[in-house]
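This chain uses plain numbering: 1 for the first residue, then up along the sequence.
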Amino acid sequence: MLESKDSSQRVAARLLEFFSARTAWFRGLWEVGTVLSLRELLEAVEAVPEGVLSDKAVEWLANELSRTLGPDEGIAPQSRSLLQRLLGSPLRPRSGELPAVHRLTEEIDASYLARWAGQLARGIPVKPERVARAVASHLLDAGFSPDFLHRWLTYRLIHSTQTYRLSELLEDAHVLARTRPSCFQVLLTVHNALGLQGPPPREWCDAPTVSKWFLANGFDAAHVRQSGGWLLTVHARDAFAAAERAAETVEKLFARLLIGTGHPMRHGEHAYVEGIEQPLPLRRHRRVEVRSLERQDQLFASGPPSRVDAAFELLGQLDAPAVVAVAAGWAAIEALLVAPEDGQKSPAGDRLASLVACSFPRAELTLLASLQIRGSVSPPREQLLRCASNHERASVMGEAILQAQPLTWAEPVWSHRAAVARMEGVLKDPRKKLKDVEGYAVRAFRRLYRQRNLVLHGGRTNAVALRASLRTAAPLIGAGIDRIAHAWFRRGVQPLELAVKARHRLDLLEPKEPLAVLDLLV
């Protein structure tokens, strides 16, 4: 269990949200950590001479990274100053600055969470949201799966008899982050036999061999339909990550098999990991959702195809392997938000970021209102029950937060309290706070664009931030395109028109009209 201190409880609640597969996009983790950002920068610098990325793209990335280093307590002050100085100079391949940035990156990685733990142990005041984002992004970037991290944290918060201070919890996280990847044996079954004329590869197992492996490793194979399988040795941080890596490897083999022989192959829905009692489901984390399709009764609508319909087809590939997903995700954005005057620029992602920022307040207030209705008696509950629409409920919830009315919550209490604190900040200074949200989305979408260029123009299918770009950008893409779909199907508003409206209304927000944040896209 964790100490009862409010700030510690809030950090823990946010970490659980960041690691949960059920967390809504507006409560998710939209950024990557400092160490991965530095490694991404080093990779980007090397891609410039090949024409894959531009000097301006690298300069923008370096400037953004330098700016975010300021409040990062995971970096020693002298290292931070030196790093910011290096990032302010032109970075070129084979320049003197690049080895220094690389060395500092490795030094920061070695002590990042330990430094955060030390700052907390010394009682230095820090923002709970900032701590949670720094810790979660560092662990996820290190290669741990969200499922594993959620279980790891849940054990310490609920099942352990030890009472942790937050600094001690972060010390444990530091030890976890510094462990080396383990070796896992993973079996993925397939629905059809390999069908090759020559000898099969050594990783291939026929159906009887798969059955024997199941028996030897304690799995019940009675209800598993299989015609063989791939038995792979994978190095990964945890069993869930190993299953994911194995699935990615098998899908690459499937692609080669299809183009080489015309023989399609499909793996089963579970991975079987040696030493893990239960099969692990594959692809349980959906990357993107556009619920307006169902709400507007457009799931199976027929008619002349539009740009919005084309974007949906592309979005469907966001659950595909990473190299396909980044290309399709960016193509979906461009299909909707590229203007004729853009030329060689790519502001489509920035336009979508404005839509995401405008969507944030109403989405969070709607959820808070729903949770308040399901709770026990509270001042706004009776009023919420009389509301006829989500807009009314969000407005009542916003007023309750502004007036600091007592609110009651079911579990998890601290997650909802953290959300209320964030919304209080938005309502008191809407322009600044929503600009911050927009900034997160801009960075996520520009990272996706860089990864798309590395894949399509540089053939880099193992870029360091490839998976992280999807983790951060895909839910935001879904949120933004959901608003585009809603406006298009309900009022016939063109995507670019909606994006321009979002941009202007963000600029015109005033603290004296806090609930105007509910009507930014109307």
Side-chain angles (χ1 to χ4, degrees), residues 1-3 8-24 27-29 32-33 112-113 116-117 128 131-188 217-220 234-248 269-287 410-416 418 467-468 470-472 475:
M1 66 181 69
L2 189 65
E3 61 183 349
S8 300
Q9 294 289 340
R10 189 169 295 179
V11 170
R14 289 298 278 149
L15 287 172
L16 285 174
E17 282 190 310
F18 292 150
F19 299 149
S20 172
R22 295 188 297 272
T23 298
R27 292 191 180 185
L29 185 62
V32 301
Y112 186 76
L113 294 181
W116 269 108
V131 178
R133 287 184 177 275
V135 173
S137 58
H138 188 81
L139 290 171
L140 289 167
D141 294 344
F144 293 99
S145 71
D147 291 302
F148 170 81
L149 291 172
H150 195 277
R151 293 184 181 201
W152 175 86
L153 183 58
T154 300
Y155 174 79
R156 281 156 180 76
L157 296 179
I158 298 174
H159 304 296
S160 176
T161 56
Q162 178 181 344
T163 299
Y164 288 88
R165 296 171 59 199
L166 183 59
S167 58
E168 294 169 336
L169 190 66
L170 264 59
E171 283 287 358
D172 272 13
H174 167 72
V175 172
L176 179 67
R178 298 309 295 166
T179 57
R180 293 183 176 275
S182 301
C183 186
F184 295 89
Q185 194 173 58
V186 185
L187 177 68
L188 270 69
N217 289 278
F219 291 105
D220 180 8
V234 180
H235 285 83
R237 291 289 198 171
D238 59 75
F240 295 94
E244 202 174 310
R245 299 291 183 272
E248 291 175 359
E269 296 179 354
H270 294 84
Y272 302 85
V273 182
E274 183 181 38
I276 304 298
E277 293 181 357
Q278 297 296 323
L280 304 181
L282 295 171
R283 297 271 175 82
R284 44 185 307 212
H285 295 280
R286 292 177 61 194
R287 288 173 177 156
E411 293 293 337
V413 172
W414 288 102
S415 293
H416 308 325
R467 295 185 186 91
L470 287 169
R471 169 175 60 79
T472 53

Residue pairs involving residues 156-169 (criterion salt bridge (Lys or Arg N to Asp or Glu O under 4.0 Å); sequence neighbours excluded):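 Checked against salt bridge (Lys or Arg N to Asp or Glu O under 4.0 Å) - neighbours excluded - the pairs reaching residues 156-169 are R156-D172.
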Steps toward side chain to side chain contact (heavy atoms under 4.5 Å, CB included) verdict (Q185, V273): CA-CA 6 Å; Q185 194 173 58; V273 182; over 6 Å; no
When rounded to the nearest 0.5 angstrom, what distance separates [atom1] in [X] from [atom2] in [Y]?
X	Y	atom1	atom2	result
L153	L169	CG	CG	6.0 Å
L280	E269	CG	CD	13.5 Å
T163	M1	OG1	CE	5.0 Å

Residue pairs, two or more places apart or on separate chains, that pass ring pair (Phe, Tyr, Trp, His ring centres under 6.0 Å) and touch residues 147-167: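 Qualifying pairs, neighbours excluded: F144-F148.
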Residues forming a side-chain hydrogen bond (donor to acceptor under 3.5 Å, both in side chains) with H270, sequence neighbours excluded: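 side-chain hydrogen bond (donor to acceptor under 3.5 Å, both in side chains) check on H270 returns nothing, list empty.
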Test side chain to side chain contact (heavy atoms under 4.5 Å, CB included) applied to L149 and L176, step by step: CA-CA 10 Å; L149 291 172; L176 179 67; 4.0 Å; yes
For residues [X] and [Y], determine if any side-chain heavy atom of one lies less than 4.5 Å from a side-chain heavy atom of the other.
X	Y	answer
I276	F184	no
T179	R237	yes
L139	L15	no
E248	R467	yes
V131	W116	yes

Check ion pair R471-D141 (N to O, under 4.0 angstrom):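 Between D141 and R471 there is a salt bridge, with a charged N closer than 4.0 Å to a carboxylate O.
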More than 12 heavy atoms of other groups within 6.0 Å of Q162 CD: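 Counting neighbours around CD of Q162, more than 12 heavy atoms of other residues, nucleotides or ligands fall under 6.0 Å, so yes.
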H174 and H138: CA distance, side-chain angles, deciding distance, side chain to side chain contact (heavy atoms under 4.5 Å, CB included) verdict: CA-CA 10 Å; H174 167 72; H138 188 81; over 6 Å; no
Residue pair D238, D147: steps toward the side chain to side chain contact (heavy atoms under 4.5 Å, CB included) verdict: CA-CA 10 Å; D238 59 75; D147 291 302; over 6 Å; no
Could you pull out the closest heavy-atom pair between [X] and [Y], with the gap in Å?
X	Y	value
G28	R14	O-NH2, 4.4 Å
A246	L188	CB-CD1, 3.8 Å
H416	A410	CD2-O, 3.5 Å
A241	S145	N-CB, 3.8 Å
R10	W414	N-CE3, 4.3 Å
S137	R133	OG-O, 2.7 Å

Parallel, tilted or perpendicular: ring planes of F219 versus Y272, cut at 30 and 60 degrees: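 Answer is perpendicular, since the angle exceeds 60°.
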Side chain S20, main chain L16, donor-acceptor under 3.5 Å: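 No, because the side chain of S20 does not come within donor-acceptor range (under 3.5 Å) of the backbone of L16.
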Set of residues satisfying side-chain contact (heavy atoms from CB on, under 4.5 Å) with respect to V175, sequence neighbours excluded: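 For V175 there are no side-chain contact (heavy atoms from CB on, under 4.5 Å) partners, ignoring immediate neighbours.
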Partners meeting side-chain contact (heavy atoms from CB on, under 4.5 Å) with A12 (sequence neighbours left out):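 Residues passing side-chain contact (heavy atoms from CB on, under 4.5 Å) with A12: L2, L157.
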Which residues share a salt bridge (Lys or Arg N to Asp or Glu O under 4.0 Å) with E3, sequence neighbours left out: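 By the salt bridge (Lys or Arg N to Asp or Glu O under 4.0 Å) rule, E3 matches no residue at all.
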